[in-house]
S.K.: 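I'd like to ask some things about the structure below.
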Amino acid sequence: MEEKNVYQPYLMRIAAAIQETPDVKTFRLEFINEEDRKNFNFRAGQFGEYSVFGEGESTFCIASSPTREGYIECTFRKMGRVTKALASREVGDTLGFRGPYGNTFPIDQWKGKSLLFVTGGIALPPLRCVIWNALDTRENFKDITIVYGARSVQDLVYKHELEEWEKRGDVKLITTVDPGGETPEWKGQVGFVPTVLEKAAPSSADTIALLCGPPIMIKLTMPILTKLGFSAENIFTTLENRMKCGIGKCGRCNVGKYFVCKDGPVFTFAQVNQLPPEY
Amino acid sequence: MTEKKTIKKSSLDGLFRALKSGGKRVLAPVEGNGRTIFREVDSYNGVAAGYIQTTLSAKDALLPRCEEMLRFRTEQSTVTMEQGPAAPAPTVVFGMRPCDAKSLAVLNAVYLKDYNDELYRARADATTVIAISCTSCDEYCFCTSVGGSPGDTTGSDILLTEIDGDAYLAEILTGKGEALVAMAPDLFAAAGGAKTKPLADVKVQFDLKELEKKLPGSFEGPVWITQSLRCIGCGTCSYVCPACTCFDVQDETDANRGMRLRCWDSCGLGIFTLHTSGHNPRDVQSQRWRQRIMHKFSYQPDQLSVVGCVGCGRCSRACPVDMNILQHIKDIVEAR
Amino acid sequence: MAEFEPKIIAFVCNWCTYTGADLTGTSRIKYAANVRIIRLPCTGRIDFMLLMKAFAKGADGIIVSGCHPNDCHYTSGNFHARRRWMVFRSLLNFMGIDVRRIIFSWVSAAEGAKWAEVVNTAVKEIRALGPYDEYKNLSPIRASWRSEHAG
Amino acid sequence: MQDKIIQKARELLSGGDVKVVIGYGRGTGDRVHAVFVQKPEDAGALVMDARCLQNLAVYLPKQEVKALGKPAIVARPPVMRAIRQLMYEEQFREGDIVVIGVSDDGQVLDFPDLKSMIEYIDKLPLTLSPEEAAAVAKLDAMTREERWKFWMEETSACIKCYACRASCPMCYCPRCTVECNQPQWISVPAHEMGNLEWHIMRAMHLAGRCVNCGDCYRNCPLKIPLNLLTQRIIADIGDNFGQESEYVLAAFKPEDKEDFIR
């Protein structure tokens, strides 16, 4: 007779952990309860609330692709109370997960188009979900271009996957690090993402752009994308506001009449431009 | 379906006792130490009367200031969920004002839309509201400006209105109300021609439609800074508000047992939206004040078809720095 | 029924009391095992918040101890601490918190025997006062635990 | 008195150095509230009477008020004490603020600089009024159990709206201890433990700094007598450490009382 408490997380076991950078970690989480695993599904762009019991919950996107079933992955930077606690957890430990929440990237509508991913630092994880989703259904898309930058070589996340993408013939990957962040062995570009993007000048014809990064990067990259011929309707991003509930109740992520958690987090820049600047 | 009966004021104590012995927790306004707040009572003795408005609303009954969301136990690397919060006690809230009863519509809209908040719903289901219509008001009241009235029945299960002869007219509005009457049927008499005393004369002070029309265009206006320069950024307005619903979530532990708690939060506090990185989408008080007004009078009407303000005037009464919401709204409506 | 064994948290300075407590051990002086020692650089670092945390987390009593006046490794840490303790103790007392449960002492590095005596006396006194449930049960998690076990 | 303040404000604003006068003005109903007068011709809006109790020093660190430029502030003795303490804590320097002083007997005081204001206020030691002292003594006279019951009853009414903190000129930290969560020093929710911890912490962080303006109590929506806590501390400090213009808890005397230490 008792209905499910919407705030009750699934119990998850850490199946694998990767130290991406000195302060960024990726966990692969598997459902402890078989029933939960069977009933669970999500789509690219959705997020969840990850619990460290006793410390609280933290919000991240699901960084793995829905095409890879049976587990989810999350990538986070050690920053506050919960992420510090998360970072101290190890393979085999139990965490909580609530979700999936929020809207999705309309990948189905992008069939037959090219995709351009522009991202920096810790903002790659939300797009990684889409990248793998697209790569796992590669036949549905034309060109796939990824422009990814970080402060330094050390700060690049998913280093192994970057290598893998590099080696694949069907992805054009441009990696860059900020001036001064390169190492002697660094073979990628040196420079800020907007500059590198402008130089690479990918075509906007029949292309969807996905832009995700720190506010300053977004601010400087938007004019470049516009110059390259992208309309605001064809540039997608995922917003990140402080959240507690993830389901439109706690009130934190309210921007204008929308809740980033419920009506987002995926928005086109045409939509973002209509929002009050409170994100 | 409204059925009308009467109940003598002298019978209220009997009613309280009947409710109590029938297994109900009865909350009623009690005055003392400079505040009138809803507290659990055993009898009608000591229940406040004649208050224009209680210091805090009865929101605590439906959305407690601190509420258990879930419970867990940790043993090394494993976590087990424990039996969650006990079912809320069947509760009667006596003496809400009609504006407060109307605020339940806002709580319902927030907590039951899209994702059903079972914690809230269980409390709402377990709660019966006996409201008392207003025969007096003060300069802070403006229920009639936001679609309410001193005798509004919205949200009440039973509405009491004073009649001559030290009695109340009882409008039994819902099945829950009927069930309460059935617990002490002898205390209620037929209404037959009962004449109610005049209700408070709360004047309409602004045009709500005009305000809703005006707000989206005034986001960038200077009015927010001007109005909120004196705002000191506490959460009083939100916490005394019957219709404010925002919350925080906090984990607390004792050795290997833990609890996740939900507690009130306020958009007036800077930390509400502060990211761990230090970035704050609403960095200064004027933005937070704007959010408060926009959320109640623009976003909620747009998204939930409900106005997030019932005109109880508590925020204005309690504000340390006289941020009078009515005055501010009037100024916004009148601004060109 | 077994005698109540109070949990006591001792906040001590690194230079005097901690070393003194070490001496108690090396001198093979036995003392009550109810005390968990937390070593801090100086009594000046013993913030009142630490004491509150100890009570909230279930301590029945607290010992705060450091260098005698004029012996502070940092010259004046204990003098500053003394003023704050005085104010804090008075405030707690004013709020109805049982200040008999907070024992302040000066124990030097040479006073191994005094440390044992301070601890033993504290344990005896706090045992007589009983568990400090009044305070620790204020937290909802403790309260719910309590009500379950009462039922 | 009011006319003198208006005249002074007008002069200051006309002079060009002062950009805003923080004072009291007519509020809604019969209330007064803080006003921020920026033009000499608006100075007539300033009010000064018995209702003007808010400690306006609370606005001095506020970002949007700072943005208006150099302030002059209407200051009764508690406000002057607050400014003195804020200066001691290096929040302001000489020349940052102009003070339009108002003495307890209603005289408008002309302070050419903050140094002269400090000299003035140094001569007025902070003591409790007989009524305040009596209220503190009443609690002192209770048993510990009675005091505990009293404060449990009072603090359990607390909703953690932080009006006490927000209205206090001494609570200017950009991040309050209750917002520090590594570790979580104070329980955030307004349950009995969280409330008690909050009020102990608040009072302790004001020890030796509180100017006894009474805003924490006046502005508490639940009328919890919080100022009794800081008043107890003021009395303790007066009794034990004497009156000093410097921050007494950053100072010490070798002979300070230690009868409670074993």
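Every chain is numbered from 1, with letters handed out A, B, ... down the list of sequences.
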S.K.: Should C:P140 and B:E252 count as side-chain neighbours, where that means a heavy-atom distance under 4.5 Å?
M.R.: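 In short, these two side chains touch, coming nearer than 4.5 Å.
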S.K.: Could you tell me whether B:K113 atom NZ has more than 12 heavy atoms of other residues or ligands within 6.0 Å of it?
M.R.: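 Buried by this count: over 12 neighbours within 6.0 Å.
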S.K.: Does CD belonging to B:E75 count more than 12 external heavy atoms closer than 6.0 Å?
M.R.: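 Yes, the 6.0 Å shell around CD holds more than 12 heavy atoms from other groups.
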S.K.: What are the two closest non-hydrogen atoms of B:T253 and C:K57, and how far apart are they?
M.R.: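 Looking at all heavy atoms of both residues, the closest pair is O-NZ, 3.5 Å.
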S.K.: Can you confirm whether C:R127 is buried at CZ, in the sense that more than 12 heavy atoms of other residues, nucleotides or ligands lie under 6.0 Å from that atom?
M.R.: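 Count over threshold, so yes.
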S.K.: For the CD atom of B:E68 and the CD1 atom of C:I141, what is their distance to the nearest 0.5 Å?
M.R.: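 It is 8.0 Å, given to the nearest 0.5 Å.
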S.K.: Quick one: pull up CZ in C:R142 and CE in B:M259 and give me the separation to the nearest 0.5 Å.
M.R.: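 CE of B:M259 is found 12.0 Å from CZ of C:R142.
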S.K.: Can you tell me if C:E117 has over 12 outside heavy atoms packed within less than 6.0 Å of its CD?
M.R.: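 Open.
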